[in-house]
**Q** 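Just passing along the structure, written as structure tokens.
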Amino acid sequence: MPKFIWLGTSVEDDAHGRERIADLVETPAAVRFLSMEPLLGPVDYLRQYLNRLHWIIVGGESGQRARPMHPDWLRAIRDVCAEMGVPFFFKQWGEFHPADQVPPPGAAHGPMGNALRTGRAHAFEDQWSWKIGKKLAGRLLDGVEHNAMPEVCNV
């Protein structure tokens with residue numbers, strides 16, 4: 001198989017992607033990856049496919065009608081990737097910054113403070129997220145930037 005064939009598919013939540021992942025892992029490719037963006041819900045079945053994937057990319061949704069991503073969905077993917085040795089790349093939070101994450105510098109006086117004052121927020125059952133824009137929301141998960149790439153990137 002040629003080393004230059006990278007094949008991926010999108011998965012946004014538990015309801016979508018299972019068939020796409022099953023097809024992906026059966027298709028020959030030098031690198032098979034998931035682009036889990038925008039991540040719109042948990043993906044509980046990921047573990048059963050990870051031993052046949054080379055890379056997981058996760059990101060939140062951006063744009064005017066963006067929906068928030070719960071940090072626990074992201075943590076679950078990060079943790080199972082770490083457990084199974086699959087590179088994990090966290091691209092961005094999207095428009096929303098979760099309240100349980102360290103606020104970006106200056107956020108209380110800028111867009112995040114404005115989001116707090118104007119109610120530009122989303123409430124999950126156990127988590128608030130503030131709509132502050134993807135640039136300010138950033139890409140740190142629990143204070144860490146996740147930039148893992150598959151080893152075959154050196155090909």
**Q** Applying side chain to side chain donor-acceptor pair (under 3.5 Å), name anything that partners Q92, two or more places apart in sequence or on another chain.
**A** none
**Q** Among all residues two or more places apart in sequence or in another chain, which pass the side-chain contact (heavy atoms from CB on, under 4.5 Å) test with P71?
**A** R75, W93, P98, D100, Q101, Q127
**Q** For the CD1 atom of I56 and the CD1 atom of I77, what is their distance to the nearest 0.5 Å?
**A**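 With rounding to 0.5 Å, CD1 (I56) is 8.0 Å from CD1 (I77).
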**Q** Quick one: side-chain contact (heavy atoms from CB on, under 4.5 Å) partners of N51, sequence neighbours excluded?
**A** M84
**Q** Shortest non-hydrogen contact from A99 to W130?
**A**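 Shortest heavy-atom contact: CB-NE1, 3.6 Å.
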**Q** Is there a continuous path of hydrophobic side-chain contacts, each under 4.5 Å between heavy atoms, that joins L46 to F90?
**A** yes
**Q** Are the side chain of K131 and the backbone N or O of P68 linked by a donor-acceptor pair below 3.5 Å?
**A**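 No.
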**Q** Going by ring pair (Phe, Tyr, Trp, His ring centres under 6.0 Å), name the residues that satisfy it together with F124, two or more places apart in sequence or in a different chain.
**A** H70, W73, H122
**Q** For E26, give me all partners under salt bridge (Lys or Arg N to Asp or Glu O under 4.0 Å), at least two apart in sequence or on another chain.
**A** R52
**Q** If Ile, Leu, Val, Met, Phe, Trp and Tyr residues are connected whenever their side-chain heavy atoms lie under 4.5 Å apart, and connections chain through other members, are V43 and L50 in the same group?
**A**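 They do share one cluster, since a chain of ILVMFWY contacts under 4.5 Å joins V43 to L50.
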**Q** Could you tell me which residues satisfy side chain to side chain donor-acceptor pair (under 3.5 Å) with H146, sequence neighbours excluded, listed by chain and number?
**A**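 Counting only residues at least two positions away or on another chain, H146 forms no side chain to side chain donor-acceptor pair (under 3.5 Å).
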**Q** Are L24 and L39 connected in the hydrophobic side-chain network, where two residues link if heavy atoms are under 4.5 Å apart?
**A** yes
**Q** Is there side-chain contact between L141 and V58, with heavy atoms separated by less than 4.5 Å?
**A**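 No. Closest side-chain heavy atoms not under 4.5 Å.
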**Q** Indicate the ring-plane relationship of Y45 and Y49, choosing parallel, tilted or perpendicular according to the 30° and 60° boundaries.
**A**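 Y45 vs Y49 ring planes: perpendicular.
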**Q** What heavy-atom pair brings A66 and F96 nearest, and what distance separates the two atoms?
**A** O-CE1, 3.3 Å
**Q** Please check if W55 and V25 belong to a single hydrophobic cluster, counting links between Ile, Leu, Val, Met, Phe, Trp and Tyr side chain heavy atoms closer than 4.5 Å.
**A** no
**Q** Quick one: list whatever passes side chain to side chain donor-acceptor pair (under 3.5 Å) with E83, sequence neighbours left out.
**A**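 Only R47 meet the side chain to side chain donor-acceptor pair (under 3.5 Å) criterion with E83.
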**Q** For E37, check side-chain contact (heavy atoms from CB on, under 4.5 Å) against everything at least two apart and list the hits.
**A**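 E37 satisfies side-chain contact (heavy atoms from CB on, under 4.5 Å) with S35, I57, K91 only.
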**Q** Who are the side chain to side chain donor-acceptor pair (under 3.5 Å) partners of R139, not counting sequence neighbours?
**A**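 Once residues adjacent in sequence are excluded, the partners of R139 under the side chain to side chain donor-acceptor pair (under 3.5 Å) criterion are E145, N147.
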**Q** What are the two closest non-hydrogen atoms of P150 and P87, and how far apart are they?
**A** CA-CG, 3.8 Å
**Q** Any salt bridge (Lys or Arg N to Asp or Glu O under 4.0 Å) pairs touching residues 56-66, not counting sequence neighbours?
**A**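 Residue pairs with at least one partner in residues 56-66: E61-R67.
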**Q** Report yes or no: does H54 contribute a side-chain atom to a donor-acceptor pair with the main-chain N or O of F33 at less than 3.5 Å?
**A**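 The answer is no, because no donor-acceptor pair under 3.5 Å joins these two groups.
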**Q** In Å and rounded to the nearest 0.5 Å, what is the CE to CG distance from M69 to L74?
**A**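 Going from CE on M69 over to CG on L74, the span is 5.0 Å.
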**Q** Kindly work out whether a path of hydrophobic side-chain contacts (I/L/V/M/F/W/Y, heavy atoms less than 4.5 Å apart) joins L53 to W6.
**A**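 L53 does not cluster with W6.
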**Q** With R20, which residues qualify under side-chain contact (heavy atoms from CB on, under 4.5 Å), at least two apart?
**A** T9, S10, E12, H16
